[in-house]
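What follows is a set of notes on a single structure, which appears directly below.
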2 protein chains.
Amino acid sequence: MSLTPARKFKSSRQRDLILQILRSTKSHPSAAWIFEEARKHLPSISLGTVYRNLAMLKEEGRIRELSVGKGIGLFDGDLRNHDHIRCLVCGRVEDVPPSAQSFSYSQVEGAVGYRVHWHSLEYFGVCPGCETAAANE
Amino acid sequence: MSLTPARKFKSSRQRDLILQILRSTKSHPSAAWIFEEARKHLPSISLGTVYRNLAMLKEEGRIRELSVGKGIGLFDGDLRNHDHIRCLVCGRVEDVPPSAQSFSYSQVEGAVGYRVHWHSLEYFGVCPGCETAAANE
DNA sequence: CCATAAATTAATAACGATTATTATTTTTGA
DNA sequence: TCAAAAATAATAATCGTTATTAATTTATGG
Ligand SMILES: [Mn+2]
Ligand SMILES: [Mn+2]
Ligand SMILES: [Zn+2]
Ligand SMILES: [Zn+2]
């Protein structure tokens, strides 16, 4: 999965807190949101520390960063295999059960010559709330 | 596909050129790269104009913007249905023939309640060049 | 054609998310 | 307990992108 040999990190109160926050939500928060949550418990924490620790946790494979869209970075504490859908109107991101069919990496490898490590499947649509709002407009 | 009613744009030399540049490459260039190409033909063009026209062309559905990764915006003049793969080492993006399997939007809609409009499938791996370089290191 | 209104442009400033810098504090392990 | 290494808070810097505005270009219809 990772392309570089493992690094060993010193533990820190800040990183433990960030991981706990990410694990305790079903949403896919941004660094700014995590920062606001974190300072409720560690008022002196800084935004730079949040970014740095998110990168470390990602490197350790303890969290994931979504590759949905081109906007701000969104993080996911749920390591189970699943896909995502984003609402084109309000931007909300939700989990989607992983697609049943298996992806043929070897077929892709044969077609393009790359060694395939993983894939990302994202859906784009309109959430129930925005669908209703559009109907009532 | 689009969620807002069509707008009508006045034509412009700049937008025609940008579209031509995008159609004449098999790569997936950034706004900055397109800007450099464009100023070879229209030396007075500005980067802001490139960004604005890329947004317009996207809105018209005459080009696509990749949703690969969270980095800078990459554009694609090829409207045919296809997927993409990105090299985890050098960042190169290439086309992948569309996956044979059909995605069941109705199944996703049933699971999450969203109305699904489209999806994006991206692979991540290592390109032949980087694979060779790693072997020789 | 020409006049007029509307859209587009070039130049540049502003913005926002992220990363880098640095002096200080915390962690680790001998 | 102590010194080296790593992490932190504060803050500056970076970078891709968007907004602003006066000047230019385009559409159109008389
Ligand atoms: Mn998720
Ligand atoms: Mn493509
Ligand atoms: Zn919505
Ligand atoms: Zn490569």
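Letters A, B, ... are given to chains in the order of the sequence lines, protein chains preceding strands, and every chain is numbered from 1.
Rounded to whole Å, atom P of dA7(C) lies 15 Å from atom CG of Asn53(B). Rounded to whole Å, atom C1' of dT9(C) lies 11 Å from atom CZ of Arg15(B).
Distances shown here put a side-chain N or O of Ser44(B) below 4.0 Å from the OP1 or OP2 atom of dA10(C).
Ring geometry for Tyr105(B) versus Tyr123(A): interplanar angle over 60°, hence perpendicular rather than tilted (30 to 60°).
Take the nearest nucleotide of DNA chain D for Pro43(A) and for Met56(A): the residue whose nucleotide is more 5' is Met56(A).
For the pair Ile18(B)/Met56(B), no side-chain contact is recorded, criterion being any heavy-atom separation below 4.5 Å from C-beta on. Within the 4.5 Å cutoff, the side chain of Ile21(A) has no heavy atoms near those of the Thr25(A) side chain. Using a 4.5 Å heavy-atom threshold, the side chains of Arg23(B) and Ile63(B) count as separate. Side chains of Leu22(B) and Pro29(B) form a contact here, defined as non-hydrogen atoms less than 4.5 Å apart.
Sparse packing is recorded around CZ of Arg92(A), with 12 or fewer heavy atoms of other residues, nucleotides or ligands lying under 6.0 Å away. At most 12 heavy atoms of other shown residues, nucleotides or ligands fall within 6.0 angstrom of atom CZ in Arg13(B).
Protein chain A contacts DNA chain D over a range whose 5' and 3' limits, counting nucleotides with an atom under 4.0 angstrom from a non-hydrogen atom, are dA5(D) to dA10(D).
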Sequence-aligned protein contact record of nucleotides 18-28 of chain C, with B where the base is within under 4.0 Å of a protein heavy atom and S where only the sugar-phosphate is | BB-------BS
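The closest side-chain donor-acceptor pair between His82(B) and Asp76(B) falls under 3.5 angstrom.
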